[in-house]
Visitor: 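Questions regarding the structure given below will be posed in turn.
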Amino acid sequence: MKSYSKVLVTGASGQLARALMQAAPQQTQCVGVTRHELDISDDCAVWETLEAHKPELVFNGAAYNLVDKAESDGQADALRVNALGPARLAKACREMEIPLVHFSTDFVFDGHKRQPYEETDAAQPLGVYGASKLAGENIVVAASPRHFAIRVCRLYGPIPANGATQKPAGNFPLLMLKLASERESVRVVNDQVGTPTYTPDLARAVWQLVQNSEGGLYQLSNAGEVAFDEYARTVFEIAGASCRVEGISSEEYNAPARRPRYSTMSNEKAHRCGVVPLRDWREALEEFLVAV
Ligand SMILES: NC(=O)c1ccc[n+]([C@@H]2O[C@H](COP(=O)([O-])OP(=O)(O)OC[C@H]3O[C@@H](n4cnc5c(N)ncnc54)[C@H](OP(=O)(O)O)[C@@H]3O)[C@@H](O)[C@H]2O)c1
C-alpha cells in the first residue's frame, strides 16, 4: 500500500476537496489551495505552486459545475476550468513525476443504457459541461499512466457556513430542505436516474484507490440508484418535512442543458483494486440529514 507524506488539494473550498482533506490518513499533510490562491488554468501559477509545496500527490478539486450556465455565457469558463486547467496540472505533474487525481462526472454519458455504465462504455456527453469534463478526463489519463481520472456523481456533503460552492444552497438535499421551509410542494424531474453520493464516503474510497492502484480511469459512487423526484421524497421523509413532491418530466422542467436519463455507474473496477464497496445511498443520506 502506498503512503503519501504530503498532498496538495486544488479548489480547496469545494465540497469534495474538503472531504478529501478530512479523510486523509494521519501521516499525510494536506495543503489546500483555494481558487484565490491558485487558478488551475494559470500555467505559471500551477508550476510555482507545485514547486513551492513539492507534494507527492495532487488532488484536483477545482471545477466549473454550473451545468445550465455552461450552455450559454459559462461555456468559456467551463472549458477553461474543466479542460485547460486539468491539462496544465496533468503536464506539470507529469514533468515533476507527481501523480494527479482528477475528478470527472456521470454526465459524460448520454443516458441511453438501462444498466450501470462501465468505464469502457462509450462516452457521449449531451451538453457543454459534460463535454468539458470529458475533455479534462481524456487529457489527464493520456498525460501519464500514473494519473487518475475518477468519475463521480450527484455529490452532497457538509458545507460550512462560509463554504464556497457554485450551487444554490450547496447541494440537492440542502436545496430541498430550503424549499420545504418556503413552500408546500416542489416540482422535481422523475426521469433522471443516478446515484446520490455522500462526499465523506467518496473521500474514503478515493484514498483507498490512490493507496492501492496505479492510475487510470475509475468510477466511484454510493450504491443503488434513484430518480430525482424519489430522492427529494426521501430527503423529506428522513427530515420529517411535510413538503409534497410532484414528479415532472425533463421536457416539462425545460432546463437549458440536456441531462442523461440514466447515469448509474458501475464501481466494479475500483472494487477490484481494493476499494471497499460504498454503502447504499439512502443509508448515507440518513447520516447526513441527522447531522444537518
Ligand atoms: N457536485 C456534483 O454533484 C458533481 C457531480 C459530478 C461530478 N462532480 C465533479 O466532482 C468534483 C468535485 O465537485 P464539487 O461538488 O466538490 O465542486 P464544488 O463544491 O463546486 O467546488 C469546486 C471548487 O473549484 C473552485 N474553482 C473554480 N474554478 C477554479 C479555478 N479556475 N481554479 C481553482 N479552483 C477553481 C471553486 O472555487 P469558487 O467556489 O471560489 O469558485 C470551488 O471551490 C469536480 O470535478 C466536479 O466536476 C461533481
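Whatever order the structure lists ligands and atoms in, that order sets their numbers, starting from 1.
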Visitor: Can you list the atoms of ligand 1 that are under 4.0 Å from a heavy atom of Gly61?
Guide: 22 (C), 23 (C), 24 (O)

Visitor: Does a side chain donor of either Thr195 or Asn222 reach within less than 3.5 Å of an acceptor in the other side chain?
Guide: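 Side-chain D/A pair, Thr195 to Asn222: absent.
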
Visitor: Tell me, do Glu118 and Lys269 make a side-chain contact under 4.5 Å, heavy atoms counted?
Guide: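 Side-chain contact under 4.5 Å: no.
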
Visitor: Are the charged groups of Asp106 and Lys133 less than 4.0 angstrom apart, N to O?
Guide: no

Visitor: Closer than 4.0 Å to some heavy atom of Ser104 - which atoms of ligand 1 meet that?
Guide: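 Once the distances to Ser104 are compared, the set is 7 (C), 9 (C).
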
Visitor: What part of Asn65 sits under 4.0 Å from ligand 1 if we count only heavy atoms: the side chain, the backbone, both or neither?
Guide: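 The answer is the side chain.
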
Visitor: Please tell me if the side chains of Arg187 and Glu252 come closer than 4.5 Å, counting only heavy atoms from C-beta onward.
Guide: yes

Visitor: Is there any N or O on His36 that sits under 3.5 Å from an N or O of ligand 1?
Guide: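 No: no nitrogen or oxygen of His36 is under 3.5 Å from one in ligand 1.
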
Visitor: Can you tell whether the side chains of Glu95 and Lys91 come within less than 4.0 Å, N to carboxylate O?
Guide: yes

Visitor: Check whether any N or O atom of Asn60, backbone or side chain, sits under 3.5 Å from an N or O atom of ligand 1, and answer yes or no.
Guide: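 Looking only at distances, the answer is no, because the N/O contact criterion of under 3.5 Å is not met.
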
Visitor: Under 4.0 Å from ligand 1, counting heavy atoms only, is it the side chain of Phe172, its backbone, both or neither?
Guide: neither

Visitor: For ligand 1, find out whether one of its N or O atoms is nearer than 3.5 Å to an N or O atom of Val81.
Guide: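 No - when backbone and side-chain N and O of Val81 are compared with those of ligand 1, no distance drops under 3.5 Å.
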
Visitor: Within the 4.0 Å heavy-atom shell around Lys133, which atoms of ligand 1 are there?
Guide: 44 (C), 45 (O), 46 (C), 47 (O)

Visitor: Checking Arg154 against Phe228: charged group under 6.0 Å from the ring centre and within 45 degrees of the axis?
Guide: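 Arg154 over Phe228 ring: yes.
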
Visitor: Does any N or O atom in Ala63 lie less than 3.5 angstrom from one in ligand 1, N or O only?
Guide: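 Yes - when backbone and side-chain N and O of Ala63 are compared with those of ligand 1, one distance drops under 3.5 Å.
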
Visitor: I would like to know whether Phe288 and Trp281 meet ring pair (Phe, Tyr, Trp, His ring centres under 6.0 Å); could you show each step before the answer?
Guide: CA-CA 11 Å; Phe288 173 63; Trp281 68 271; over 10 Å; no

Visitor: Do NZ/NE/NH1/NH2 and the carboxylate oxygens of Arg80 and Asp39 come within less than 4.0 Å?
Guide: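 Salt bridge present between Arg80 and Asp39.
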
Visitor: Of all the heavy atoms in Gly170, does at least one lie under 4.0 Å from an atom in ligand 1?
Guide: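 No; Gly170 lies far enough from ligand 1 that no heavy-atom distance drops under 4.0 Å.
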
Visitor: For a side-chain contact (heavy atoms from CB on, under 4.5 Å) with Lys6, tell me which candidate from Val31, Leu57, Thr28 qualifies.
Guide: Val31

Visitor: By number and element, which atoms of ligand 1 are closer than 4.0 Å to a non-hydrogen atom of Ser13?
Guide: 43 (O)

Visitor: For ligand 1, find out whether one of its N or O atoms is nearer than 3.5 Å to an N or O atom of Asp106.
Guide: no

Visitor: Taking distance alone, with no angle check, do Thr105 and ligand 1 share an N/O pair under 3.5 Å?
Guide: no

Visitor: Decide whether an N or O pair under 3.5 Å exists between Cys153 and ligand 1.
Guide: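 Such a contact does not occur with ligand 1.
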
Visitor: Pairing donors with acceptors under 3.5 angstrom, does anything connect the side chains of Glu237 and Thr234?
Guide: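 No donor-acceptor contact under 3.5 Å links the two side chains.
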
Visitor: Regarding ligand 1, does Ser41 bring an N or O atom to under 3.5 Å of one of the ligand's N or O atoms?
Guide: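 In fact, backbone or side chain, Ser41 has no N or O that close.
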
Visitor: I need the atoms of ligand 1 closer than 4.0 Å to a non-hydrogen atom of Arg154, numbered in the order shown.
Guide: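 Near Arg154, the atoms of ligand 1 are 3 (O), 5 (C).
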
Visitor: Ignoring hydrogens, just give me the one of Ala45, Ala62, Ser263, Ala19 whose non-hydrogen atom is nearest atom 35 (C) of ligand 1.
Guide: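 Among Ala45, Ala62, Ser263, Ala19, the closest heavy atom to atom 35 (C) of ligand 1 comes from Ala62.
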
Visitor: Applying a heavy-atom cut-off of 4.0 Å, say which part of Leu38 lies close to ligand 1: side chain, backbone, both or neither.
Guide: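 Under 4.0 Å from ligand 1, Leu38 contributes backbone atoms alone.
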
Visitor: Between Tyr156 and Leu285, is a side chain to side chain contact (heavy atoms under 4.5 Å, CB included) present by the stated rule, with each step listed?
Guide: CA-CA 9 Å; Tyr156 69 92; Leu285 182 63; 3.7 Å; yes

Visitor: Applying a strict 4.0 Å limit to heavy atoms, is Tyr129 in contact with ligand 1?
Guide: yes

Visitor: Please state which part of Ala12 comes within less than 4.0 Å of ligand 1, counting heavy atoms only: side chain, backbone, both or neither.
Guide: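 It is neither; nothing of Ala12 touches ligand 1.
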
Visitor: Please work out which of Asn171, Leu155, Leu84 has its closest non-hydrogen atom nearest to atom 2 (C) of ligand 1.
Guide: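 The nearest heavy atom belongs to Leu155.
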
Visitor: Salt-bridged, Lys178 to Glu182, with N to O below 4.0 Å?
Guide: yes

Visitor: Got a salt bridge between Arg146 and Glu56, using NZ or NE/NH1/NH2 to carboxylate O under 4.0 Å?
Guide: no

Visitor: Which ligand 1 atoms, with their elements, are less than 4.0 angstrom from a heavy-atom of Val152?
Guide: 6 (C), 7 (C), 8 (N), 9 (C), 10 (O)

Visitor: Distance under 4.0 Å to a non-hydrogen atom of Asp39: what atoms of ligand 1 satisfy this?
Guide: 30 (C), 31 (N), 32 (N)

Visitor: For the atom pair CG (Asp201) and CG (Leu278), what is the distance rounded to the nearest 0.5 Å?
Guide: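 Those atoms lie 5.5 Å apart.
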
